[in-house]
**Q** 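This structure is in C-alpha coordinates; I'll ask about it shortly.
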Amino acid sequence: MDIVAFKKQVRETVIAELISYMQEDEDCGYGKRHITACEKLLRKYLDKLGHMKSVSDEAVMQEVKKVVLSLNRLNEKTEYSLIETDARESIWEIIQNSAVARGLKDVPDDVTEEWREW
(Lines give C-alpha, C1' and ligand atoms only; values in the text may rest on other atoms or scores of the structure.)
Protein backbone atom coordinates (compact mmCIF):
# COMPACT_ATOMS: atom_id res chain seq x y z
CA MET A 1 0.00 0.00 0.00
CA ASP A 2 1.45 3.35 -1.04
CA ILE A 3 0.39 5.65 1.80
CA VAL A 4 2.27 8.58 0.29
CA ALA A 5 0.32 8.33 -2.96
CA PHE A 6 -3.00 8.22 -1.10
CA LYS A 7 -2.01 11.21 1.05
CA LYS A 8 -1.06 13.08 -2.11
CA GLN A 9 -4.48 12.24 -3.53
CA VAL A 10 -6.12 13.62 -0.36
CA ARG A 11 -4.19 16.86 -0.79
CA GLU A 12 -4.75 17.22 -4.53
CA THR A 13 -8.34 16.06 -4.91
CA VAL A 14 -10.07 16.75 -1.60
CA ILE A 15 -8.23 19.52 0.21
CA ALA A 16 -7.36 21.62 -2.84
CA GLU A 17 -10.98 21.45 -3.96
CA LEU A 18 -12.31 22.46 -0.54
CA ILE A 19 -9.89 25.39 -0.35
CA SER A 20 -10.76 26.52 -3.86
CA TYR A 21 -14.48 26.49 -3.16
CA MET A 22 -14.00 28.31 0.16
CA GLN A 23 -12.03 31.04 -1.62
CA GLU A 24 -14.77 31.41 -4.25
CA ASP A 25 -17.61 31.52 -1.71
CA GLU A 26 -16.79 33.05 1.67
CA ASP A 27 -20.24 31.99 2.91
CA CYS A 28 -19.69 28.33 1.98
CA GLY A 29 -20.43 27.18 5.53
CA TYR A 30 -16.98 25.97 6.51
CA GLY A 31 -13.57 27.41 7.24
CA LYS A 32 -9.89 26.55 7.14
CA ARG A 33 -10.11 24.71 10.48
CA HIS A 34 -12.73 22.35 9.04
CA ILE A 35 -10.56 21.68 6.00
CA THR A 36 -7.58 21.00 8.26
CA ALA A 37 -9.67 18.65 10.40
CA CYS A 38 -10.85 16.78 7.30
CA GLU A 39 -7.29 16.33 6.09
CA LYS A 40 -6.15 15.12 9.52
CA LEU A 41 -8.95 12.54 9.68
CA LEU A 42 -8.11 11.14 6.25
CA ARG A 43 -4.36 11.11 6.92
CA LYS A 44 -4.90 9.38 10.28
CA TYR A 45 -7.06 6.75 8.56
CA LEU A 46 -4.35 6.13 5.95
CA ASP A 47 -1.66 5.93 8.65
CA LYS A 48 -3.71 3.40 10.62
CA LEU A 49 -4.19 1.24 7.51
CA GLY A 50 -0.53 1.50 6.62
CA HIS A 51 0.69 0.51 10.05
CA MET A 52 -1.66 -2.40 10.69
CA LYS A 53 0.21 -5.38 12.06
CA SER A 54 -2.56 -7.89 11.45
CA VAL A 55 -4.55 -7.22 8.29
CA SER A 56 -8.03 -8.69 8.08
CA ASP A 57 -11.28 -7.58 6.49
CA GLU A 58 -12.63 -6.89 9.97
CA ALA A 59 -9.66 -4.71 10.95
CA VAL A 60 -9.74 -2.73 7.69
CA MET A 61 -13.51 -2.20 7.91
CA GLN A 62 -13.16 -1.06 11.53
CA GLU A 63 -10.85 1.75 10.35
CA VAL A 64 -13.25 2.58 7.51
CA LYS A 65 -16.09 2.84 10.01
CA LYS A 66 -14.06 5.10 12.32
CA VAL A 67 -13.11 7.56 9.59
CA VAL A 68 -16.60 7.66 8.10
CA LEU A 69 -18.22 8.34 11.48
CA SER A 70 -15.62 11.02 12.22
CA LEU A 71 -16.25 12.66 8.86
CA ASN A 72 -19.99 12.54 9.57
CA ARG A 73 -19.45 14.45 12.82
CA LEU A 74 -17.19 16.99 11.14
CA ASN A 75 -19.65 17.53 8.30
CA GLU A 76 -22.49 17.95 10.81
CA LYS A 77 -20.53 20.76 12.50
CA THR A 78 -20.60 22.65 9.18
CA GLU A 79 -24.33 22.03 8.78
CA TYR A 80 -23.48 19.49 6.07
CA SER A 81 -21.74 22.01 3.82
CA LEU A 82 -18.18 20.62 3.96
CA ILE A 83 -18.65 17.35 2.11
CA GLU A 84 -20.64 18.08 -1.03
CA THR A 85 -20.83 16.13 -4.30
CA ASP A 86 -17.25 16.51 -5.61
CA ALA A 87 -15.60 16.09 -2.21
CA ARG A 88 -17.91 13.16 -1.46
CA GLU A 89 -16.76 11.29 -4.56
CA SER A 90 -13.08 12.01 -3.93
CA ILE A 91 -13.24 11.00 -0.28
CA TRP A 92 -15.16 7.83 -1.06
CA GLU A 93 -12.64 6.89 -3.76
CA ILE A 94 -9.69 7.34 -1.39
CA ILE A 95 -11.32 5.33 1.40
CA GLN A 96 -12.46 2.59 -0.97
CA ASN A 97 -9.20 2.25 -2.90
CA SER A 98 -6.96 2.40 0.16
CA ALA A 99 -9.02 -0.30 1.90
CA VAL A 100 -8.62 -2.55 -1.14
CA ALA A 101 -4.92 -1.71 -1.44
CA ARG A 102 -4.44 -2.63 2.21
CA GLY A 103 -5.88 -6.07 1.61
CA LEU A 104 -9.65 -5.93 1.97
CA LYS A 105 -10.76 -9.15 0.30
CA ASP A 106 -14.55 -9.11 0.59
CA VAL A 107 -15.02 -5.76 -1.13
CA PRO A 108 -18.49 -4.21 -1.18
CA ASP A 109 -19.39 -1.74 -3.94
CA ASP A 110 -19.12 1.04 -1.37
CA VAL A 111 -17.22 0.41 1.87
CA THR A 112 -18.60 3.63 3.39
CA GLU A 113 -22.29 3.15 2.64
CA GLU A 114 -23.30 1.52 5.91
CA TRP A 115 -22.21 4.53 8.02
CA ARG A 116 -21.96 7.46 5.59
CA GLU A 117 -24.23 10.49 6.01
CA TRP A 118 -22.46 12.67 3.44
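Hydrogens, waters and symmetry mates play no part in the numbers below; they use all other heavy atoms, side chains included.
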**Q** Are side-chain heavy atoms of Met52 and Val60 found at a separation under 4.5 Å?
**A** yes
**Q** Answer whether the closest heavy-atom distance between the side chains of Ile3 and Lys7 falls below 4.5 Å.
**A** yes
**Q** When rounded to the nearest 0.5 angstrom, what distance separates OG1 in Thr85 from CD1 in Ile83?
**A** 11.5 Å
**Q** With hydrophobic residues grouped by side-chain heavy-atom distances under 4.5 Å, do Leu49 and Val107 end up in a single group?
**A** yes
**Q** Show every salt bridge (Lys or Arg N to Asp or Glu O under 4.0 Å) that has at least one partner inside residues 52-80, sequence neighbours left out.
**A** Glu63-Lys66
**Q** Quick check: does any side chain N or O of Thr112 sit under 3.5 Å from a backbone N or O of Arg116, one acting as donor and the other as acceptor?
**A** no
**Q** Is it true that a side-chain atom of Tyr30 and a backbone atom of Leu18 form a donor plus acceptor pair closer than 3.5 Å?
**A** yes
**Q** Taking salt bridge (Lys or Arg N to Asp or Glu O under 4.0 Å) as the cut-off, I'd like each qualifying pair that reaches into residues 22-31, sequence neighbours left out, listed once.
**A** none
**Q** Please list, one pair per line, the donor and acceptor atoms closer than 3.5 Å that link side chains of residues 31-42 to other protein atoms, with sequence neighbours excluded.
**A**
residue : atom : partner : partner atom : Å
His34   : ND1  : Gly31   : N            : 2.9
Thr36   : OG1  : Lys32   : O            : 3.0
Glu39   : OE2  : Arg11   : NE           : 3.4

**Q** Which residues pass the side-chain hydrogen bond (donor to acceptor under 3.5 Å, both in side chains) test with Asn72, not counting sequence neighbours?
**A** Trp118
**Q** Output a table of donor-acceptor pairs, distance under 3.5 Å, between side-chain atoms of residues 89-99 and any protein atom two or more places apart or on a different chain; print 'none' if there are none.
**A**
residue : atom : partner : partner atom : Å
Ser90   : OG   : Asp86   : O            : 3.2
Trp92   : NE1  : Gln96   : OE1          : 3.4
Trp92   : NE1  : Asp110  : OD1          : 2.8
Glu93   : OE2  : Gln9    : NE2          : 3.1
Gln96   : OE1  : Val111  : N            : 2.8
Gln96   : NE2  : Pro108  : O            : 3.1
Asn97   : ND2  : Glu93   : O            : 3.3
Ser98   : OG   : Tyr45   : OH           : 3.1
Ser98   : OG   : Ile94   : O            : 2.7
Ser98   : OG   : Ile95   : O            : 3.2

**Q** Do you know the tightest heavy-atom contact between Ser54 and Ala59?
**A** O-CB, 3.9 Å
**Q** Between Tyr80 and Leu74, is there a shared hydrophobic cluster once you connect ILVMFWY residues whose side-chain heavy atoms come closer than 4.5 Å?
**A** no
**Q** To the nearest 0.5 Å, what is the distance between OG (Ser56) and NZ (Lys105)?
**A** 9.5 Å
**Q** A side-chain contact here means heavy atoms from C-beta on lying under 4.5 Å apart; do Asn75 and Leu71 qualify?
**A** no
**Q** Name all residues meeting the salt bridge (charged side-chain N to carboxylate O under 4.0 Å, His left out) criterion together with Lys8; count only those two or more places apart in sequence or in a different chain, and write none if there are none.
**A** Glu12
**Q** Rounded to the nearest 0.5 Å, how far does NZ of Lys48 lie from CG of Leu46?
**A** 12.5 Å
